[in-house]
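Heads up: the structure comes next, in structure tokens.
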Amino acid sequence: MTEPSIEDKRITLEEAAQKIHDGAHIAWGGFGYQRPPEALAMELIRQKKRNLRIYTCGSEHDLDILVGAEACLEFEVAFFAIEALGLAPNLRRRTKEGKVQFEDYSNLAMALRFLGGALNVPFMPIRHMIGTNMMDKTRLRKDKAKVIDCPFTGTPIVLLPSVQADFGVICAQKADVEGNVQIFGIKGEDNEIARGSKTTIVFTEEIISNEVIRETPDLTTIPALFVDYIVEVPFGSWPMQSYGVYDYDLPHLQMYMGQCKTEEGWQEYLNDWILDVENHDGLLKKIGEKRLKELRADKRYGY
Amino acid sequence: MTEPSIEDKRITLEEAAQKIHDGAHIAWGGFGYQRPPEALAMELIRQKKRNLRIYTCGSEHDLDILVGAEACLEFEVAFFAIEALGLAPNLRRRTKEGKVQFEDYSNLAMALRFLGGALNVPFMPIRHMIGTNMMDKTRLRKDKAKVIDCPFTGTPIVLLPSVQADFGVICAQKADVEGNVQIFGIKGEDNEIARGSKTTIVFTEEIISNEVIRETPDLTTIPALFVDYIVEVPFGSWPMQSYGVYDYDLPHLQMYMGQCKTEEGWQEYLNDWILDVENHDGLLKKIGEKRLKELRADKRYGY
Amino acid sequence: MEEYTSTEMMAVCGANAVRDGERVFAGTGLPVLGAMLAKVTHAPNAIIIYEGGNVDTQNKDLALSVADSRLGYRAAASIGLIETLGFLMMGGRVDVGFLGAAQIDEYGNINTSYIGDFDSPKVRLPGSGGGNDIASSAGRIILMFTHDARKFVKKLDYLTSPGHLSGPGSREKLGLIGGGPALVVTDKCQMDFDPNTKKIRLKSVHPGVTVDWVNENVMFDLIIPGKVPTTPEPTKEYLDKLHQLDPQGIYLGKGQK
Amino acid sequence: MEEYTSTEMMAVCGANAVRDGERVFAGTGLPVLGAMLAKVTHAPNAIIIYEGGNVDTQNKDLALSVADSRLGYRAAASIGLIETLGFLMMGGRVDVGFLGAAQIDEYGNINTSYIGDFDSPKVRLPGSGGGNDIASSAGRIILMFTHDARKFVKKLDYLTSPGHLSGPGSREKLGLIGGGPALVVTDKCQMDFDPNTKKIRLKSVHPGVTVDWVNENVMFDLIIPGKVPTTPEPTKEYLDKLHQLDPQGIYLGKGQK
């Protein structure tokens, strides 16, 4: 049998961020504290991107630094805060300044919009959102959602416009160079984003061999057929967590929450942790091997 | 911590078939030669069920014996044949007799109808089926499918009525007594059926402990929250296959195809292999330990 | 008599609202503490579902996020959002959901999105997250938040998640399958909903709180029955178990007990 | 010159229609043999997708079912139907799909459902299966079946899967994203579609078959160009590799080579 060549879809973090042009619409993976594309957010800031629009269910520190740096000020989103730690400080300030534009959906609504994009149908039905201001208060979209009477049952049902973003960006624990991806733990809306975006970029904590993929096809959550680029970025979700690989850096997050209450504090954080470190390797050096080791997951628990 | 009691959802194959009343609508799992609910089909025949309606993408020998025995003569289905071996012999004969009623959909259409049922929305959109006789030729349903102009894009799109059947029946390789299910290999439409049916019954080749489930939550394809009953049935898909457990019994299938070309041949098969064996254990005895051992999968290959 | 804080009182009230065997959707913070407390006391077979995707977990540590890796420990399954908020929640398979609120009106409609005018808001709150999904489809809703008169408003600045909307029948007319809000737990009192009008009604006041105080700290006409009982005090068993669940005082606060 | 059977000829024609790097949807039988042959010859980077859920497999044995466990061996992923026919196929991510047909009309519309009247059919065929899905959304369609005049009909008994429907623009008007049928391979000839009318056109006749024979064995007006080439004969390399793929002659037949 003629050996097929294994396609190597790897690019660097810098190259990935370069592909994402000013004004791009991005479906943003990760959910809550779990596997957000933090390293990408920081690199987009270093590359001075502007006018991005992000679609996601809920994201937190990663979005807040993008808002602080004014790389992204438009969101179609369900949730934006740092959960147990409080409201997102940059978001709060930039909203008061009148700079941020939201189109508000529920989590399920956003996840279904990604599913509709993956199925390549123009809309998805949902029973939720109806009866609330999410239906009638709009900012970015003319057609945010529509209520129709179901042609089969006669009852009202909401139709949501599907999302097929220019880029889908998600973080995984393992992937091979061809783009077969294995996500462990909760999946959030990442499976749908990966299948529904025009260009899908997966950031992986670790590259594994194609052989391992073929021995465990039941663990492949995103086949390479859906993936355009693979970026190997260890600790790519720091200061948040990646199940089974490392835990969140709580003291760092608490420092962030306190310091970024003021614009001055945020500018200091921006310089210290993003602009003054040359790249992701520089960031890892700044965090330090000792701290990274402390954050590494105990394999018995996954955090 | 107070120990929660582990709920034991196990029932016997006989009890499972008893629950399925005459006239029940059943979402039928398995796909092609893979994990069809054969043992259930045989038990439904033994219990002389009548007027069942089956919803499925494609099934084969299992449906053909139900048609032969006239337990089920109504189908909302995409495919009905024995694939590489030819047309289904009982179906062919019963169709000529004018006894079988079909509502024809495509495979994706049926899978989306189950997905719509799982989401509890009344319909799902699809770009397929349009332009064909599947849209206008109907037998069982007044509302088989509807074309609307998409309210967002203006282009025509087909809406399919969701399916929430009285029973969803699927076969898996492993499950615990609570109903956490692990399916290995292809999933077909089983994940959607399990989530969208009013009562879900899972037939498992093997019962594993809840401990094993909790050590491998990434392999749980159907959480117990969706499962009402668990039935342990080794070789429950014989003479078809269960990935990683056993292969199909090709000589048996070939015998079936030849013998059931005539009503007499079918009646003989019905008596020999279904009615004259008391139950599933009796069937396994009839097949014989030697043959069952031959059919067992080589773990390296999965068949 | 045990000493207890108002936070502990809220967690115990939340726990008492969960019945054995129920499927509970709980976010981080006091709601999940309440649900976990129920599970280690009177409701051992309650199943807790986290919208991030972990279901029926046996986590040993408290989570800061509904997506926290801590919730993956000994989970029965680790799935996705379409599963939890779609197949389970919109599928009508969840008995009770906990929610917070920044504003609530007399029908239990809630706002978690904006304070002030939508076009130039004073504060951007977290938004719906899964809140609207839970409020729409869970069997019943338990609301938990600290008592502040500014939260109990006649008119919401923004309606994020449906309560009983404009009263009896209005949820059904829109095809919402969930039962809507059933209980409000604050640090001062408990409220339920009048079955005829679907309006908020005082159910019990916590020890040391007067009915008058509550009435003055609600900006709409609160239904007050003739006789308002006092909320039973938390037992030692419940308080002890509560602190075993949050030994570091992440949600209960430090050094208060 | 190699000896070969008409079945082998069909498989080789199918293989030649697959280009390197393409994503191919193939059912069991000759289509998958053709796709696999392409992969071991001129198209090593073609990726074969089976609708049951196995993608990019390296199966060592031939399958009898698109859901056959054999296809799980060294698959890159084992997924479900919503994935293969939804996310991949309807998502517009598949280049070429193979289909069979019991009847075909001059626009390449096909019937795999009923022979005879719908209300009292003579034969119930397998139905659409994934055929309608593939015909609707694959980049292009290759049809393979043995040549029989009764299959090339003026009017189908039942239209299961869309070809070019009623001609240019009719697929687009319905929102179908796939390119429709591009090639018909029989044991006698190859046909393609006239780009202006979207009607079937003779492309080449297999060695030993005359243009007249084909014309007589088609029940509609076949477009016949002035000069119809003869299909090149299969090479020894392709025939050898074909038999390595089906050593037991499951699809190629036994003892014929």
Side-chain angles (χ1 to χ4, degrees), chain A residues 30-35 57-58 60 77-81 83-85 87-88 91-92 95-96 98 100 102 104-112 115 126-134 137 150 155-157 184-192 241-244 247-248 250 297 301-303, chain C residues 27-29 50-54 60-61 63-73 75 78-83 85-86 89-90 109 111 113 118-133 135-137 156 158-162 165 170-171 173-177 250-251:
Chain A
F31 185 68
Y33 288 22
Q34 194 61 245
R35 291 182 295 91
C57 289
E60 317 209 344
V77 69
F79 183 90
F80 196 145
E83 274 179 278
L85 300 182
L87 292 181
L91 170 67
R92 203 168 171 160
T95 302
K96 269 196 190 145
V100 195
F102 277 99
D104 295 288
Y105 290 88
S106 76
N107 269 342
L108 180 61
M110 286 307 300
L112 287 174
L115 179 59
I126 189 172
R127 286 175 177 274
H128 299 169
M129 301 229 324
I130 195 164
T132 75
N133 286 132
M134 283 196 282
K137 299 279 188 191
C150 169
T155 51
I157 185 103
F184 296 85
I186 62 158
K187 320 293 183 255
E189 74 269 31
D190 288 348
N191 283 340
E192 290 76 28
Q241 62 188 174
S242 178
Y243 175 74
D247 201 1
Y248 40 70
L250 190 55
Y301 308 129
Y303 55 92
Chain C
T28 46
Y50 296 94
E51 63 182 282
N54 281 309
K60 63 186 190 61
D61 294 312
L64 293 183
S65 163
V66 290
D68 200 312
S69 298
R70 281 152 187 74
L71 302 173
Y73 181 63
S78 294
I79 49 184
L81 267 180
I82 300 270
E83 293 265 2
L85 289 171
M89 182 59 73
M90 192 159 66
N109 301 306
N111 174 14
S113 298
F118 176 73
D119 291 317
S120 52
K122 268 195 283 188
V123 185
R124 159 79 201 189
L125 300 166
S128 160
N132 173 279
D133 304 308
S136 296
S137 289
L156 301 174
Y158 185 99
L159 199 171
T160 313
S161 299
L165 293 168
S170 50
R171 289 179 63 94
K173 209 173 67 186
L174 299 181
L176 295 172
I177 62 166
I250 293 176
Y251 295 117

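Letters A, B, ... mirror the listed sequences (proteins, then strands); counts begin at 1. Not measured: the values here are computed from a predicted model.
Listed options Phe80(A), Phe79(A), Tyr303(A), Tyr248(A) were ranked by heavy-atom pairs under 4.5 angstrom with chain C; first place goes to Tyr303(A). Of the listed residues (Leu85(C), Asp133(C), Asn132(C)), the greatest number of heavy-atom pairs within a distance under 4.5 Å of chain A belongs to Asp133(C). Of all the listed residues (Pro126(C), Gly53(C), Ser128(C), Ser78(C)), the one sharing the greatest number of non-hydrogen pairs under 4.5 Å with chain A is Pro126(C). Of the listed residues (Ile82(C), Thr28(C), Ile177(C)), the greatest number of heavy-atom pairs within a distance under 4.5 Å of chain A belongs to Ile82(C). Between chain C and the residues Gly188(A), Cys150(A), Ala84(A), Cys57(A), the most heavy-atom pairs under 4.5 angstrom are made by Gly188(A). Between chain A and the residues Asp68(C), Leu165(C), Asn54(C), the largest count of heavy-atom pairs under 4.5 Å involves Asp68(C). With chain C as partner, the option from Thr155(A), Ile126(A), Leu85(A) having the largest number of non-hydrogen pairs under 4.5 angstrom is Ile126(A). Between chain C and the options Met129(A), Lys187(A), Lys96(A), heavy-atom pairs under 4.5 Å are most frequent for Lys187(A). For the options Glu51(C), Lys122(C), Glu83(C), heavy-atom pairs under 4.5 Å to chain A are most numerous at Glu51(C). Chosen from Ala75(C), Gly27(C), Gly86(C), Pro162(C), the residue pairing most often with chain A at heavy-atom distances under 4.5 Å is Gly86(C).
Looking only at distances, a side-chain donor or acceptor of Arg35(A) sits under 3.5 Å from a matching main-chain atom of Ile186(A). No donor-acceptor pair closer than 3.5 Å links the side chain of Arg127(A) to the backbone N or O of Ser137(C).
Contact of Leu112(A) with chain C is made through backbone and side chain together, with heavy-atom distances under 4.5 Å. For Ser120(C), no part lies near chain A; criterion is any non-hydrogen pair under 4.5 Å. Residue Asp190(A): no heavy atom, backbone or side chain, is found under 4.5 Å from chain C. For Tyr105(A), the part lying under 4.5 angstrom from a heavy atom of chain C is the backbone only. Contact of Leu71(C) with chain A is not made at all, since no heavy-atom distance falls under 4.5 Å. Contact annotation for Tyr251(C): only side-chain heavy atoms (C-beta onward) come within less than 4.5 Å of a heavy atom of chain A. For Leu250(A), the part lying near chain C is the side chain, with the backbone staying farther off; criterion is any non-hydrogen pair under 4.5 Å. Contacts of Asn109(C) with chain A are absent, with no heavy-atom separation under 4.5 Å from either backbone or side chain. When heavy atoms are compared at a cutoff of 4.5 Å, Leu174(C) approaches chain A by way of both its backbone and its side chain. For Arg92(A), the part lying under 4.5 angstrom from a heavy atom of chain C is the side chain only.
Taking OG1 of Thr160(C) as the start and CG of Leu125(C) as the end, the distance is 8.0 Å to the nearest 0.5 Å. Residue Glu60(A) holds its CD atom at 5.5 Å from OG of Ser65(C), rounded to the nearest 0.5 Å. Taken to the nearest 0.5 Å, the CE atom of Met89(C) stands 11.5 Å off from the CG atom of Leu81(C). Between the OH atom of Tyr243(A) and the OH atom of Tyr73(C) there is a distance of 10.0 Å, given to the nearest 0.5 Å.
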TODO: Take Gln34(A) and Ser69(C), measure what side chain to side chain donor-acceptor pair (under 3.5 Å) needs, and give me the verdict at the end.
DONE: CA-CA 7 Å; Gln34(A) 194 61 245; Ser69(C) 298; 3.1 Å; yes
Open item on the list: Run Leu91(A) and Phe102(A) through side-chain contact (heavy atoms from CB on, under 4.5 Å) and show every step you take.
Closed with: CA-CA 11 Å; Leu91(A) 170 67; Phe102(A) 277 99; 3.4 Å; yes
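Look at Asp119(C) and Lys137(A) and you find no salt bridge, because none of the NZ, NE, NH1 or NH2 atoms lies under 4.0 Å from a carboxylate O.
For the pair Lys60(C) and Tyr301(A), the cation sits on the ring face: its NZ or CZ lies under 6.0 Å from the ring centre, inside 45° of the axis.
Residues Leu64(C) and Ile250(C) have side chains in contact (heavy-atom distance under 4.5 Å, counting atoms from C-beta outward).
When all heavy atoms are compared, the tightest approach of Ala78(A) to Ser106(A) is CB-C, 3.3 Å.
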